[in-house]
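Reading through the structure tokens given below for one structure.
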Amino acid sequence: MKEEGDLESPLLPAAAAGDDDGVTSSAAGSSFALACALVTSVTSVIYGYNRGVMSGAQKFVQGDLAVSDAQIEVLIGATSIYSLVGSLAAGWACDRAGRRRTIALAAAMFFAGSAATAAADGYAALVAGQLVAGVASGFGLVVAPVYIAEIAPPSSRGFLSSIPEIACNSGILLSYIADFALAGLPVSLNWRLMIGIGGVPPLFLAAAALLAMPETPRWLVLHGHHDDARRVLARTTGGNAALVDRRLQEIVSSVKESSKQQEAAGGGGSTSVWRDILVRPTPSVRRVLLTILGLQFFQQASGVAALLLYAPRVFHHVGVTSEHAVLGATILLGVTKTVSIVVPLFLADRLGRRPMLLSSASGMAVSLLVLAFSLHVSSSSPAWWAAATSVAAAALFMATFSLGFGPVIWMYGSEILPLRLRAQGTGIGTAANRVISALVGMTFISLYEAVGMAGTFYLFAACSAAAWVFVYACLPETKGKSLEEMEALFDAAQPSLPAPAS
């Protein structure tokens with residue numbers, strides 16, 4: 001049995017339980033939930049840094065350790081396969097150890113992976129370091145959205161659930177800046193510092209997770225800690241007793257319903273969870289799972305990983321040959337992606353998830369078509385305007401991606417899963433994301449050598465257009481719904497779908 005203090009982590013201040021002012025209580029609760037979301041999102045900063053740093057570091061790794069293009073392609077792409085393992089294990093860890101302790105475990109693995117990669121003296125050591133970092137990435141991708149979705153009040157869940165994606169993009173931008181700033185150092189040192197810097201934030205994250213973060217009320221109820229769940233809910237609602245009672249009752253009812261379904265299925269534990277997701281899902285669970293897998297597939301099939309990991313190669317192909325100009329253009333992508341990701345933070349709970357995803361998919365398809373056309377022109381007769389257009393189109397793609405398909409699919413996926421299936425269901429979606437990302441990362445060089453750089457981005461544009469059709473046809477709106485209302489929403493045979501944003 002866990003101690004009360006261990007579950008609540010009282011270093012974060014509790015809300016005043018006697019506050020009778022509804023507005024003050026709501027503000028206090030939102031502030032507490034915001035603090036929890038910000039701490040959790042450090043996981044995403046670390047993930048983003050590890051994801052982006054190899055974009056600029058790979059050239060120096062090749063020069064220092066005599067690594068070939070084929071080995072780099074496998075090294076970078078395989079990291080997503082490793083994160084697949086982590087994302088599947090993270091669902092189990094979240095359910096058994098709790099969301100908070102899983103965050104601390106992810107931080108420890110991020111530190112070990114960065115340190116091992118930075119100290120590598122050969123290709124095998126690089127692979128080992130990236131293996132640990134990749135597993136940590138899978139843990140981080142699962143636990144952050146689950147924790148925030150469960151700690152956030154319904155009125156601000158969209159806002160708070162967008163923070164990890166902003167944090168991830170900030171980490172990517174920081175990695176691009178580090179690549180640019182350290183590129184002038186000796187080749188034997190610069191890439192090691194680029195990668196090694198990523199091992200510092202996990203130390204602070206692990207301490208914060210263990211000392212200053214509460215466990216989520218839904219996990220506490222799921223494991224019988226109702227009094228602890230009530231105390232956490234009091235802090236996330238600002239001490240509004242009536243609201244605490246109502247939300248606690250909703251969670252308890254949801255857990256009881258899940259338990260009844262589990263007993264009816266004739267099983268228990270994690271085996272029953274996997275069976276309820278993959279073997280004998282209800283119609284609503286089947287539809288939820290297909291929705292999550294579709295969103296994760298289209299996110300990565302748009303080719304975002306190709307630009308994140310190989311932007312210098314793309315810009316070099318279009319005629320940008322100066323090393324500083326290439327890294328500068330890469331930083332532009334990072335800045336654009338990071339700035340644009342702020343928009344969903346404020347609009348997800350106002351406009352809704354569907355309009356943002358539809359707008360994002362259409363913008364991605366158009367920008368990729370422009371990028372592919374510019375690459376086609378430059379392949380026959382290089383021109384300055386084609387290079388400028390390519391950089392602008394790549395930046396536009398990052399901007400439109402960040403308006404919807406970057407953050408909103410994680411928000412949407414974590415909120416539509418039933419409570420008992422949420423952690424492992426999120427793990428399945430993350431695993432699918434990592435598989436597609438790995439395929440893109442491990443085949444990009446071979447693909448553009450086979451069909452040309454322009455042909456590759458035409459394929460990505462077609463996938464983005466298909467993503468628009470998928471969202472329009474398959475996704476109901478979830479704005480304003482509590483987590484306990486989602487299963488009923490997906491139980492409907494023909495949910496009410498608002499018209500797409502004009």
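Computed from a predicted model, the values in this text were never measured in an experiment. Excluded from the calculations below are hydrogen atoms, water molecules and symmetry mates; all remaining heavy atoms, backbone and side chain alike, are included.
Within the structure, side-chain hydrogen bond (donor to acceptor under 3.5 Å, both in side chains) pairs that include any residue of residues 438-448 comprise Glu73-Ser446 (at least two apart or interchain). Every pair tested for salt bridge (charged side-chain N to carboxylate O under 4.0 Å, His left out) that includes a residue from residues 195-211 fails, sequence neighbours excluded, so the list is empty. Within the structure, salt bridge (charged side-chain N to carboxylate O under 4.0 Å, His left out) contacts touching residues 188-201 (residues at least two apart or in different chains) are Asp64-Arg192. Listed by first then second residue, pairs satisfying side-chain hydrogen bond (donor to acceptor under 3.5 Å, both in side chains) with a partner in residues 33-54 read Tyr47-Arg434, Asn50-Ser114, Arg51-Ser80, Arg51-Ser437, not counting sequence neighbours. Residues in residues 304-318 take part in these salt bridge (charged side-chain N to carboxylate O under 4.0 Å, His left out) pairs, two or more places apart or across chains: Asp69-Arg313.
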Assess the residue pair Ser360 and Trp468 against the criterion (side-chain contact (heavy atoms from CB on, under 4.5 Å)); give the C-alpha distance rounded to whole Å, side-chain angles, the decisive distance to 0.1 Å, and a yes or no. CA-CA 8 Å; Ser360 175; Trp468 189 96; over 6 Å; no
- request: With side-chain contact (heavy atoms from CB on, under 4.5 Å) as the test, would you mind laying out the steps for Ser55 and Leu309 before giving the verdict?
  value: CA-CA 5 Å; Ser55 176; Leu309 300 175; 5.6 Å; no
**side-chain contact (heavy atoms from CB on, under 4.5 Å) evaluation trace for Val408 with Leu403** = CA-CA 8 Å; Val408 177; Leu403 291 177; over 6 Å; no
*Could you walk me through whether Phe204 and Val42 pass side-chain contact (heavy atoms from CB on, under 4.5 Å), step by step?*
CA-CA 9 Å; Phe204 297 97; Val42 175; over 6 Å; no
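Taking all atoms of both residues into account, the shortest heavy-atom contact from Ile166 to Val342 is CD1-CA, 3.9 Å. Residue Ala372 comes nearest to Ala454 through the heavy atom pair O-CB, 3.3 Å, listed as atom of the first residue, atom of the second, then distance. The two residues Ile103 and Ala209 have their closest heavy-atom pair at CG2-CB, 3.9 Å. The two residues Ala183 and Leu327 make their nearest non-hydrogen contact at CB-CD1, 4.1 Å. When all heavy atoms of Thr389 and Ser374 are compared, the closest pair comes out as CG2-OG, 3.0 Å. The minimum heavy-atom distance linking Ala152 with Leu160 is given by the pair CB-CD1, 3.5 Å.
If you take CD1 on Ile46 and CG on Leu174, they are separated by 11.5 Å, rounding to the nearest 0.5 Å. One finds the CZ atom of Arg101 at 14.0 Å from the CZ atom of Arg96 (value rounded to the nearest 0.5 Å). Going from atom OH of Tyr458 over to atom SG of Cys463 covers 15.0 Å, rounded to the nearest 0.5 Å. In this structure, CG on Leu205 lies 13.0 Å from CZ on Phe111, to the nearest 0.5 angstrom. From Ile148, atom CD1 reaches atom CG of Leu38 across 8.0 Å, with rounding to the nearest 0.5 Å. Distance check, rounded to the nearest 0.5 Å: CE of Met453 to CD1 of Ile445 gives 9.0 Å.
With hydrogens and angles ignored, the 3.5 Å screen pairs no side-chain donor or acceptor of Gln300 with any backbone N or O of Asn433. Under the 3.5 Å distance criterion, the side-chain polar atoms of Arg99 are matched with a main-chain donor or acceptor of Cys94. Ser359 contributes no side-chain N or O that, together with a main-chain N or O of Met356, makes up a donor-acceptor pair within less than 3.5 Å. A donor-acceptor pair is defined here as one N or O able to donate and one able to accept, closer than 3.5 Å; no such pair exists between the side chain of Arg354 and the backbone of Glu477. The main-chain N or O of Tyr412 is never found under 3.5 Å from a side-chain atom of Arg353 such that the two would form a donor-acceptor pair. Thr216 places a side-chain N or O within donor-acceptor distance of the main-chain N or O of Trp219, the cut-off being under 3.5 Å. Between the side chain of Ser340 and the main chain of Lys337, no donor-acceptor pair closer than 3.5 Å is present.
Counting heavy atoms from C-beta outward, Tyr310 and Ile76 have side chains that approach closer than 4.5 Å. Residues Leu34 and Ile163 meet the side-chain proximity criterion, which asks for heavy atoms closer than 4.5 Å. Looking at Val377 and Trp385, their side chains come closer than 4.5 Å, going by heavy atoms from C-beta outward. Here the side chains of Leu396 and Val370 are not in contact, with every heavy-atom distance at 4.5 Å or above. By the 4.5 Å heavy-atom criterion applied to side chains, Asn190 and Met194 are counted as neighbours. Within the 4.5 Å cutoff, no side-chain heavy atoms of Trp191 are placed close to those of Lys59. Counting only heavy atoms from C-beta outward, the side chains of Pro214 and Phe32 approach each other to under 4.5 Å. For the pair Met398/Leu308, a side-chain contact is recorded, criterion being any heavy-atom separation below 4.5 Å from C-beta on.
Residues satisfying the side chain to side chain contact (heavy atoms under 4.5 Å, CB included) test with Val288, not counting sequence neighbours, are Ile292, Ile416, Leu417, Phe490. Not counting sequence neighbours, Ser175 has no partner by the side chain to side chain donor-acceptor pair (under 3.5 Å) test. In this view, Ser302 satisfies the side chain to side chain donor-acceptor pair (under 3.5 Å) rule with no residue, not counting sequence neighbours. Scored by the side chain to side chain contact (heavy atoms under 4.5 Å, CB included) test, Phe297 finds Ala301, Ile436 as partners (sequence neighbours excluded). Residues satisfying the side chain to side chain donor-acceptor pair (under 3.5 Å) criterion with Glu449, sequence neighbours excluded, are absent altogether. Partners of Ala395 according to the side chain to side chain contact (heavy atoms under 4.5 Å, CB included) rule, which considers only residues two or more places apart in sequence or in another chain, are Leu333, Thr336.
Taking the ring centroids of Phe298 and Phe470, they lie under the 6.0 Å cut-off.
Aromatic ring pairs are classed by plane angle as parallel below 30°, tilted from 30° to 60° and perpendicular above 60°; the pair Phe460 and Phe457 is perpendicular.
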Can you give the donor-acceptor pairs under 3.5 Å from side chains of residues 121-146 to other protein atoms, not counting sequence neighbours?
unit_1	atom_1	unit_2	atom_2	d
Tyr123	OH	Gln71	O	2.8
Gln130	OE1	Thr117	OG1	3.2
Gln130	NE2	Thr79	OG1	3.3
Ser137	OG	Ala133	O	3.0

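Within 6.0 Å of CZ in Phe60 there are more than 12 heavy atoms belonging to other residues, nucleotides or ligands.
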